[in-house]
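Encoded as structure tokens, the structure appears first; notes follow it.
Throughout, a chain's letter reflects where its sequence line sits, starting with A, and its residues are numbered from 1. Just so it is clear, the model here is predicted, and its values are computed rather than measured.
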Amino acid sequence: MTDQELIRREALQKLRELGIDPYPAEAFDVTAFAADIAANYREEVLEDGTKNRLNYQDVCLAGRIMAVREAGKALFMNLQDSSGRIQLYVRRDEFVYGDDATFFDVVIKKLLDLGDYIGVRGFAFKTRTGEVTVHVRHLKLLSKSLRPLPVVKRDAEGHIYDAFTDPELRHRMRYVDLTVNPEYRQIFIKRSKMIRTMRAYLDELGLLEVETPILQPVYGGALARPFITHHHALDMPLYLRISNELYLKRLIVAGFDGVYEFAKVFRNEGIDRTHNPEFTLMEFYVAYKDYHWLMGVTEQMLERVARALSDDGGPIIPYGEHQLNFAGPYTRFTMAEAIQKYTGLDIETASERHLRAYCDQHNIETDPSMGTAQLLDEIFSEKVEKHLIQPTFILDYPLEMSPLTKKHRSKPGLVERFELYINGKEVANAYSELNDPLDQRQRFEEQRRWAERGDEEAMATDEDFLRALEYGMPPTAGIGFGIDRLAMLFTGQTTIQEVLFFPQMRPEGQRKDAPAAFE
RNA sequence: GAUCCCGUAGCUCAGGCGGUAGAGCACUUGACUUUUAAUCAAGGUGUCAUGGGUUCGAGUCCCAUCGGGAUCACCA
């Protein structure tokens, strides 16, 4: 234990000896917040020069002590609550009981530390320098902090000194991060508002919010390696879902016209600045619609989110050097048009050999097992994606890579699928859903052949899903959004870790400040 | 998975060609009844990520391991 931690434990003991409970049980009724007082406190100067304080003359607030400035027989503190910070003014005179000044001289001056939670009651005023301050009449310790927080200081111009910046510590101890770097709270508040806005929009569309299994006997709906677990009572393997798609479609079969789910999904793959092993996928499915309808709905929903999150209520969100404009309609390119535009290749006429030659010429890695569809996909990711900064729909993909998508109504070899790209990244994937059970069975067969050739991510045949389709699924449009990547766009972040409260990290191991997992 | 960079006090960091560790803030003691990155005076702080090696001597050089970051690969 460090010296500072020992000193705090001693202070805790002394408080108890003085009859002060460092962790009192009773509620403390908060009647005001720091930011409100700072923003709305008013006073008037009367003709005789005296000041008349107009509001916040009896307030209770609670929060952490984030700074203390002692000034002889008085002291100033900065109190931080969920809304922000406000200065407190504490005078010794008001905490002397008879001749006993212990409460001020010992409890307040010696035994309180930065990071402690206190509750105070008093009145607002302005100091000589004009800072709105709460003059404290009563002070109560609400919770003692036993570890020193990193002390981040800010000057009047807003410059930050000794910032707590180590990403490892910030992510491992998000509670410390958000305490001393409160500006990061805005990211999570915006993320929450984004989800709330999407939910409200989908509710207005008349969709039903549902919950589907996270533990699945057969994983499907996406192409990815799953996490595997085991159910003891049933003595069977279960998979953490990589997608909720097949369950949502079962609910369309069941007769719901539209369903949606914000779903944590799990993929057993690498961790980097755009991938976390668990992430949030939001999918929705609507009966009797097609992928064209979905494009319009997507535009409306994202424009509404942008307006909810932008500073001025407009549809434009700054991201790095770009101004992303979420007002529809978005540019629509077929995959063929996009490739033609950015590479000059005409994929209607280009043979597999042509495509391979193009890849070799442009240093795009290929392997001999790749067919036309995979080559196109490679070319697309290397040459096209990075140009798609403003929201852009890319539509009509090759059949081979879309085992759950309906064949195109007029273009042989293609499917009715689109992906939404923003800032060069895919953020949504949508189709007119395949509802022909016989076709679906064939597609699963094809996946099985991939699996037999060693493709670990090929989709397993889900017999119960096929049975559902055989009972009949209406024509349906469905879409999935990567919520974390959308949150990154809407909050200006470049790593997924910054939009997750608790990103996955390796265990701390031998770190000296690590809490012991077991006695 | 590959490559490169990083890991020194509670936090942010400095430690030249190898000679046994420093600053600011935090902390401790004292002064100050409107301070605000408070100020002033005095004083502590550390398994230099971990384990080996080279050396008379390692924070420093070498190797391995752990953790983090960046780039790349993977994510059809």
Using the C1' atom as the point on both nucleotides, what is the distance between B:G57 and B:U20, in whole Å? 9 Å

Any base atoms under 4.0 Å from A:Lys110, or only sugar-phosphate, or nothing? Heavy atoms, all strands. sugar-phosphate

Atom CD of A:Gln504 and atom P of B:G67: how far apart are they, to the nearest Å? 13 Å

Could you tell me whether A:Glu5 contacts a base, only the sugar-phosphate backbone, or nothing, with contacts defined as non-hydrogen atoms closer than 4.0 Å? nothing

Nearest whole angstrom, please: distance from the P of B:U33 to the CZ of A:Arg91. 11 Å

Holding to salt bridge (Lys or Arg N to Asp or Glu O under 4.0 Å), I want the full list of residues that pass it with A:Glu94, two or more places apart in sequence or in another chain. A:Arg91, A:Arg137

Tell me whether the centres of the aromatic rings in A:His354 and A:Tyr358 are closer together than 6.0 Å. no

Please find out if less than 6.0 Å separates the ring center of A:Phe333 from that of A:Tyr421. no

Could you tell me whether B:G44 is syn or anti, where syn means a glycosidic angle within 90 degrees of zero? syn

Say you pick atom P in B:C17 and the same atom in B:A76; how far apart are they, in whole Å? 48 Å

Aromatic-base stack, A:Tyr161 on B:A37, cutoff 5.5 Å, angle under 30: yes

Within less than 4.0 Å of OP1 or OP2 of B:U35, is there a side-chain N or O belonging to A:Arg128? yes

Can you find a side-chain donor-acceptor pair between A:Asn40 and A:Asp36 that sits under 3.5 Å? no

Find the distance A:Phe125:CZ to B:U34:P and express it as a whole number of Å. 10 Å

Could you tell me how far B:U71 sits from B:U35 if I compare only their P atoms? Round to whole Å. 48 Å

Spacing of A:Glu157 atom CD relative to B:A37 atom P, expressed in whole Å: 9 Å

Look at atom CZ of A:Phe188 and say whether more than 12 heavy atoms of other residues, nucleotides or ligands are closer to it than 6.0 Å. yes

Kindly confirm or rule out a cation-pi arrangement of A:Arg174 over A:Phe501, judged by NZ or CZ under 6.0 Å from the six-membered ring centre and within 45° of its axis? no

Would you check if the distance from the ring center of A:Phe76 to the ring center of A:Tyr89 is below 6.0 Å? yes

Run the side chain to side chain contact (heavy atoms under 4.5 Å, CB included) test on A:Ile65 and A:Leu112 for me, step by step, so that the C-alpha distance in whole Å, both residues' side-chain angles and the decisive distance to 0.1 Å come before the verdict. CA-CA 9 Å; A:Ile65 302 170; A:Leu112 290 187; 4.0 Å; yes

Base, sugar-phosphate alone, or nothing: which one does A:Gln374 contact when heavy atoms must sit under 4.0 Å apart? base

Do A:Tyr291 and A:Tyr431 have their ring centres less than 6.0 Å from each other? no

Taken to the nearest whole Å, CG/A:Asp155 to C1'/B:U35 is 16 Å

Starting at atom CG of A:Leu112, determine the distance to atom C1' of B:C27, rounded to an integer number of angstrom. 15 Å

Would you please name every residue forming a salt bridge (Lys or Arg N to Asp or Glu O under 4.0 Å) with A:Lys109, sequence neighbours left out? A:Glu70

Whole angstrom is fine here: how far is it from CG in A:Asn429 over to P in B:A76? 10 Å

Parallel, tilted or perpendicular: ring planes of A:Phe266 versus A:Phe227, cut at 30 and 60 degrees: perpendicular

Can you check whether any acceptor in the base of B:U28 is under 3.5 Å from a donor in the side chain of A:Asp3, or vice versa? no

Base, sugar-phosphate or nothing for A:Arg506? Non-hydrogen atoms, less than 4.0 Å. sugar-phosphate

Distance check, P atoms only: B:G52 and B:G46, in whole angstrom units. 22 Å

Starting at the 5' end of RNA chain B and moving along, which residue's nearest nucleotide shows up first, A:Lys153 or A:Asp113? A:Asp113

Which residues in residues 72-90 of chain A have a heavy atom closer than 4.0 Å to any atom of RNA chain B? A:Gly72, A:Lys73, A:Ala74, A:Phe76, A:Gln87, A:Tyr89

Tell me which of A:Arg8 and A:Arg92 sits closer to the 5' end of RNA chain B, going by the nucleotide each one is nearest to. A:Arg8

Please state the P separation for the pair B:G51 and B:U8 - nearest whole angstrom. 15 Å

Is the cationic atom of A:Arg170 (NZ for Lys, CZ for Arg) positioned less than 6.0 Å from the six-membered ring centroid of A:Tyr184 and within 45 degrees of its normal? yes

With 3.5 Å as the limit, what N/O pairs link the protein to nucleotides 69-73 of chain B?
residue	atom	partner	partner atom	Å
B:U71	OP2	A:Arg273	NH1	3.1

Any side-chain donor paired with an acceptor under 3.5 Å for A:Arg69 and A:Gln87? yes

Categorize A:Ala224 for me: base, sugar-phosphate, or nothing, with a 4.0 angstrom heavy-atom threshold over every strand shown. nothing

When the P atoms of B:G7 and B:C48 are compared, how many Å lie between them, rounded to an integer? 14 Å

Would you classify A:Thr165 as touching base, sugar-phosphate or nothing, given that sugar-phosphate means primed atoms plus P, OP1 and OP2, and contacts are heavy atoms under 4.0 Å? sugar-phosphate

Name each donor-acceptor pair under 3.5 Å that joins a side chain in residues 148-156 of chain A to protein atoms two or more places apart or in another chain, with its distance.
residue	atom	partner	partner atom	Å
A:Arg154	NH2	A:Glu183	OE1	3.2
A:Asp155	OD1	A:Glu157	N	3.0
A:Asp155	OD1	A:Gly158	N	3.1
A:Asp155	OD1	A:His159	N	2.9
A:Asp155	OD2	A:His159	ND1	3.2
A:Asp155	OD2	A:Tyr161	OH	2.6

May I ask you to say what A:Arg69 touches in the nucleic acid, namely base, sugar-phosphate or nothing, with a heavy-atom cut-off under 4.0 Å? base

Can you run through RNA chain B from 5' to 3' and write each base as (, ), [, ], | or . depending on how it pairs? Watson-Crick or G-U wobble, both distances under 3.5 Å. (((((((..((((.....[..)))).(((((.......))))).....(((((..]....))))))))))))....

Rounded to whole Å, CE of A:Met66 lies from P of B:A37 at a distance of 16 Å

Could you work out which one of B:G24, B:C27, B:U35 sits closest to the side chain of A:Glu131? B:U35

